[in-house]
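Below is one structure, written out as structure tokens; comments come after it.
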Amino acid sequence: ERGRTIPAQPLYSLRISDDTQQPADGSVKRIGIMIAGQHASEDVGNWMLKGAVEFLCGTDPKAIAARRNFECYVYPMTNPIGRYGGHWRGDFNSVNPLYDTNRHWVTTPGIESTTKTMAAITTDLGTRKPSVFFDFHGGYSGNFIYSGSTLYSAFLTKMLVYTAGITTFGDNPVNSSCYWAANTRTAPLATFIESSRDLTWTETQTTDYGATVIKSVSDLYAPLTGTVVAVNADLRQHMSHLPGLVAHESYPGHHTEHCR
């Protein structure tokens, strides 16, 4: 509708972690970022993000491990102006309404939804480096991710365990959100999670695909999910007993299959 004014829209964010648990090796929690809604017409991406968030907040062991090892920040609708007004890839509120919000993260000519999302992420992270950065989309055919970050291939291998047929589309587009995350914020894993709006998937299949992102991240960082067995050095120990202790504590099912 020509001449209609779009009212101010909120930019929501949420933090998901388990502050009562820390990584088993005593390290600082890694940082994870998930965003969606950059391209206003690609609502499939929001459904995948919904599945990822719901799984992350659940009781599955992989979700519990992810919350223990990660501090996750979620920005579910980064282009609320564009979604409200029915835009395709822009936000109506830039120097050029045809600008693609996902091609101006490094060189940003006044795209409000992009600059405010970047500012929110920068404020939440401070000087910390994200370990993973995912941007959920749904505009092309098939399921695919992008290369352009160090761990994308290892991550794709984990994803294929749960969903067959995922491919690599190419490097992260220059000046895109994941390009910014990989190059400016030096995230070792920064990629788009893409699924087609043309797929004849049910709502459950779409959200389940989003859940595989969390499962795959948990698998990728599996060494962090092990149980640490402490040996009391104040008590007398014999080196000859060490092989038996290791065999006992690491036996599958005794504590965990990832005991170390």
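Because only heavy atoms are used, hydrogens play no part in the values below, and waters and symmetry mates are left out as well, while side chains stay in.
Residues D135 and W180 fail the side-chain proximity criterion, which asks for heavy atoms closer than 4.5 Å. Between I31 and K129, every side-chain heavy-atom pair lies at or beyond the 4.5 Å cut-off. At least one side-chain heavy atom of L56 sits less than 4.5 Å from a side-chain heavy atom of M34. Looking at R15 and D124, their side chains never come closer than 4.5 Å, going by heavy atoms from C-beta outward. The shortest distance between side-chain heavy atoms of K215 and Y162 falls below 4.5 Å. Looking at heavy atoms from C-beta onward, S113 lies out of side-chain contact with T78 at the 4.5 angstrom threshold. Contact of the I145 side chain with the I193 side chain is registered, since non-hydrogen atoms from C-beta on lie closer than 4.5 Å. Within the 4.5 Å cutoff, side-chain heavy atoms of P76 are placed close to those of L49.
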Query - From CA spacing to verdict: side-chain hydrogen bond (donor to acceptor under 3.5 Å, both in side chains), S195, N143 - result: CA-CA 4 Å; S195 184; N143 299 322; 2.8 Å; yes
Report task. Would you check, one step at a time, whether the test side chain to side chain contact (heavy atoms under 4.5 Å, CB included) holds for K158 with V217? Result -> CA-CA 8 Å; K158 302 300 182 183; V217 166; over 6 Å; no
Query raised in the report: Under the side chain to side chain contact (heavy atoms under 4.5 Å, CB included) criterion, do F133 and S149 qualify, and how do the steps go?
Result: CA-CA 10 Å; F133 184 104; S149 60; over 6 Å; no
Report task. Could you please spell out the steps behind the side chain to side chain contact (heavy atoms under 4.5 Å, CB included) verdict for K62 and D219? Result -> CA-CA 8 Å; K62 294 182 187 296; D219 293 343; 2.6 Å; yes
Requested in this report: Give the intermediate values and the outcome of side chain to side chain contact (heavy atoms under 4.5 Å, CB included) for residues R89 and T101.
Outcome: CA-CA 6 Å; R89 297 169 75 91; T101 57; 5.7 Å; no
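When hydrophobic clusters are built by joining Ile, Leu, Val, Met, Phe, Trp and Tyr residues whose side-chain heavy atoms come closer than 4.5 Å, directly or via intermediates, M48 is grouped together with L14. Both F192 and F144 sit in one connected hydrophobic cluster of ILVMFWY residues. Membership requires side-chain heavy atoms under 4.5 Å apart, directly or through other members. By the rule that hydrophobic residues join a cluster once side-chain heavy atoms approach within less than 4.5 Å of another member, I111 and V174 end up as members of separate clusters. At a threshold of 4.5 Å between side-chain heavy atoms, the hydrophobic network of Ile, Leu, Val, Met, Phe, Trp and Tyr places L151 and M159 in one connected group. The hydrophobic cluster containing V53 also contains F134, counting ILVMFWY residues as joined when their side-chain heavy atoms lie under 4.5 angstrom apart, directly or transitively.
Remark: side-chain polar atoms of T186 are not paired, donor with acceptor, to backbone N or O of N183 under 3.5 angstrom. With hydrogens and angles disregarded, no donor-acceptor distance shorter than 3.5 Å links the side chain of T168 to the backbone of Y146. No side-chain donor-acceptor contact under 3.5 Å links T184 to the backbone of A181.
Residues L125 and R185 share a closest heavy-atom pair of CB-NH2, 3.7 Å. Considering all non-hydrogen atoms of both residues, T191 and N172 come closest at CA-OD1, 4.0 Å. Smallest separation of non-hydrogen atoms from I64 and T59: CD1-O, 3.5 Å. Between S218 and A65, the shortest heavy-atom contact is OG-CB, 3.7 Å. The two residues Y179 and V106 have their closest heavy-atom pair at CD2-CG2, 3.8 Å. Contact detail for T117 and W105: the closest heavy-atom pair is CG2-CH2, 3.7 Å.
I214 CD1 to I16 CD1: the interatomic distance, rounded to the nearest 0.5 Å, is 8.0 Å. Atom CZ of residue R67 and atom NZ of residue K29 lie 9.0 Å apart, to the nearest 0.5 angstrom. Atoms NZ and OG1, from K116 and T123 in turn, are 12.5 Å apart once rounded to the nearest 0.5 Å. With values rounded to the nearest 0.5 angstrom, M77 atom CE is found 11.0 Å from Q38 atom CD. If you take OG on S27 and CG on N69, they are separated by 7.0 Å, rounding to the nearest 0.5 Å. The line from CG of D208 to OG1 of T202 is 7.5 Å long, rounded to the nearest 0.5 Å.
Using a 30° and 60° split on the angle between ring planes, Y209 and W201 fall in the perpendicular class, above 60°.
Separation of the F70 and Y221 ring centroids falls under the 6.0 Å cut-off.
The existence of a salt bridge linking R68 and D18 is excluded, since no basic side-chain nitrogen approaches an acidic carboxylate oxygen closer than 4.0 Å.
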